[in-house]
Amino acid sequence: MRNMVQIARREIKMGFRNPWSYSFLTLFTIFSLSLMLIHSQNIVEGYSGVTGSMLTLVLYLLPLMTLFIGSFSLTGEKEDGSWKLLSTYPISTLSFILGKYVGISAVLLTIVAFGYGLMGVISGLTDNSIAFKTFFLFIIFSAGLILLFLSLALIVGSLSKNRWQALTISVSIWFFTVIGWQTLLIAFLGLLPYLWVKPVLITLTILNPAELIRLFVVIKLGGGAVLGPEYYNWVQWIQQPSGTGIFVSIVLIWITFSIAIVYWIWERGRSHG
């Protein structure tokens with residue numbers, strides 16, 4: 001536990017010294033304020049064309065930012081030789097991985113909190129209405145994207161030999177999970193027998209962190225009707241009282257499984273030198 005905290009503190013210090021962090025901080029802040037100004041004449045509440053477009057824009061930015069920072073952090077350890085030095089100390093692989101995850105999460109969540117916090121303050125001072133529930137769900141949406149995509153980023157960083165390789169894999173994952181997801185999903189499901197469509201759709205949705213978070217927030221915003229009949233069961237269980245608890249459990253299982261993969265990769269590399 002103590003080693004994990006030390007690694008997390010080290011990662012936070014390195015994160016806030018990293019020019020990438022401040023570049024993304026500036027970009028996300030400008031992005032958040034721009035969204036507020038664009039929709040300054042509208043009452044932002046529930047699911048609508050306004051909130052739908054805002055969710056899409058956040059979905060484009062945060063996963064890519066998270067994949068870059070997370071994967072580069074691990075590949076940097078390999079390229080700089082820091083991991084070889086750390087491995088000579090009595091630090092377990094699990095403490096190293098968890099410390100990395102906690103530290104990078106803290107940096108990214110701080111970036112998001114600053115951007116949304118400034119947007120909220122200026123919104124309050126200028127009387128641009130953003131309903132509290134809507135604002136809170138946007139924060140949940142952004143935090144969920146960070147936590148899930150960071151676990152993916154650590155897998156990418158573990159498998160990559162250098163930053164260029166991590167960059168290529170990260171952009172590929174971002175493209176398939178965010179940009180090309182709808183088109184690729186429709187094309188793939190069209191090849192399957194009808195009875196297979198629903199179970200395969202559920203499985204693929206759970207495996208895609210961007211779609212998993214998006215569906216939850218859209219339904220909580222009251223936009224379940226726009227998803228289509230294929231997602232009727234999703235709307236039902238998310239809207240029920242235990243829906244949030246089930247969703248949180250799925251997210252925790254997702255993160256735990258990803259961390260276990262990262263641990264296995266690094267432990268295997270450590271034992272084989």
Side-chain angles (χ1 to χ4, degrees), residues 1 4 7-8 11 55 58-59 62-67 69-71 73-74 92-106 108-109 112 136-159 169-170 173-174 176-178 181 184-185 188-189 196-221 224 227 230-268:
M1 182 67 179
M4 186 197 77
I7 294 293
E11 196 61 36
L55 286 174
V58 172
L59 190 60
L62 278 183
L64 187 62
M65 176 177 76
T66 303
L67 286 167
I69 291 181
S71 61
S73 176
L74 285 184
S92 68
T93 304
L94 185 60
S95 295
F96 173 74
I97 298 300
L98 290 178
K100 279 280 185 181
Y101 185 83
V102 172
I104 300 172
S105 295
L108 292 171
L109 291 174
V112 169
F136 178 73
L137 284 172
F138 266 92
I139 295 175
I140 295 298
F141 179 63
S142 302
L145 287 175
I146 287 173
L147 295 176
L148 286 177
F149 271 93
L150 180 56
S151 62
L152 265 183
L154 295 185
I155 295 176
V156 173
S158 300
L159 295 173
I169 299 175
S170 295
I173 291 175
W174 174 75
F176 283 112
T177 57
V178 177
W181 175 254
L184 294 171
L185 183 65
F188 178 69
L189 293 178
W196 291 16
V197 171
K198 185 168 289 187
V200 171
L201 177 62
I202 292 173
T203 302
L204 292 178
T205 300
I206 292 175
L207 292 177
N208 183 350
E211 189 68 2
L212 179 64
I213 297 292
R214 186 185 74 86
L215 286 179
F216 176 77
V217 173
V218 167
I219 293 171
K220 284 295 186 181
L221 285 171
L227 299 175
E230 293 82 3
Y231 291 100
Y232 177 74
N233 290 334
W234 284 79
V235 176
Q236 278 193 318
W237 73 258
I238 288 176
Q239 287 182 338
Q240 66 184 2
S242 60
T244 300
I246 296 173
F247 173 77
V248 171
S249 298
I250 293 173
V251 170
L252 291 176
I253 292 171
W254 217 105
I255 294 172
T256 302
F257 184 73
S258 300
I259 294 295
I261 293 175
V262 176
Y263 170 78
W264 178 80
I265 294 171
W266 282 81
E267 187 66 18
R268 185 171 180 269

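All heavy atoms count here, side chains included; hydrogens, waters and symmetry mates do not. The model shown is predicted, which means the values in this text are computed figures rather than measured ones.
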Determine the minimum heavy-atom distance between S170 and S71, stating which atoms define it.
-> OG-OG, 3.3 Å

So, the side chain of W174 versus the backbone of M65: is there a donor-acceptor pair under 3.5 Å, distance only?
-> no

Between CZ on residue F247 and CD1 on residue I219, distance to nearest 0.5 Å = 10.0 Å

For V217 and F138, run side chain to side chain contact (heavy atoms under 4.5 Å, CB included): C-alpha distance rounded to whole Å, both residues' side-chain angles, the deciding distance at 0.1 Å, then the answer.
-> CA-CA 8 Å; V217 173; F138 266 92; over 6 Å; no

Sequence neighbours left out, what passes ring-ring contact (aromatic ring centres under 6.0 Å, His included) with Y263? Give chain and number order.
-> none

What's the spacing between I261 CD1 and L159 CG if we round to 0.5 Å?
-> 9.0 Å

Of all heavy-atom pairs linking S142 and L62, the shortest is CB-CD1, 3.3 Å

Say whether, by atom type as modelled, one donor and one acceptor occur between the side chain of Y101 and the main chain of A8 under 3.5 angstrom.
-> no

With sequence neighbours excluded, what pairs up with S158 under the side-chain hydrogen bond (donor to acceptor under 3.5 Å, both in side chains) test?
-> W266

K220 and I140, any side-chain heavy atoms less than 4.5 Å apart = no

Out of curiosity, L185 CG to F176 CZ, how far, rounded to the nearest 0.5 Å?
-> 13.5 Å

Minimum heavy-atom distance I7-K100, with the two atoms named | CG2-N, 3.7 Å

Verify, without hydrogens or angle tests, whether S73 (side chain) and I69 (backbone) share a donor-acceptor contact under 3.5 angstrom.
-> no

Evaluate the side-chain proximity of F216 to V251: yes if any heavy-atom separation is below 4.5 Å, no if none is.
-> no

Of all heavy-atom pairs between S105 and L147, which one has the smallest distance, and what is that distance?
-> OG-CD2, 3.8 Å

Can you tell if the side chain of L204 reaches within under 4.5 Å of the side chain of E211, non-hydrogen atoms only?
-> no

Please examine the side chains of I139 and V112, heavy atoms only from C-beta on, and report whether any two atoms are closer than 4.5 Å.
-> no

Would a distance-only check, ignoring hydrogens and angles, find a side-chain to backbone donor-acceptor pair under 3.5 Å from S242 to G245?
-> no

Pairwise side-chain contact, P209 with L152, heavy-atom cut-off 4.5 Å (strictly under) | yes

Minimum-distance pair of heavy atoms, taken over all atoms of L145 and A210 = CD2-CA, 4.0 Å

Between the OG atom in S258 and the CD1 atom in I155, the distance rounded to the nearest 0.5 Å is 4.5 Å

CZ-CG distance between F149 and L64, expressed to the nearest 0.5 angstrom | 9.5 Å

May I ask you to decide if L148's main-chain N or O and S151's side chain share a donor-acceptor pair within less than 3.5 Å?
-> yes

About how many Å separate CH2 of W254 and CG of N208, when rounded to the nearest 0.5 Å?
-> 8.0 Å

Note: I173 and L67 closest approach over all heavy atoms is CG2-CD1, 4.2 Å

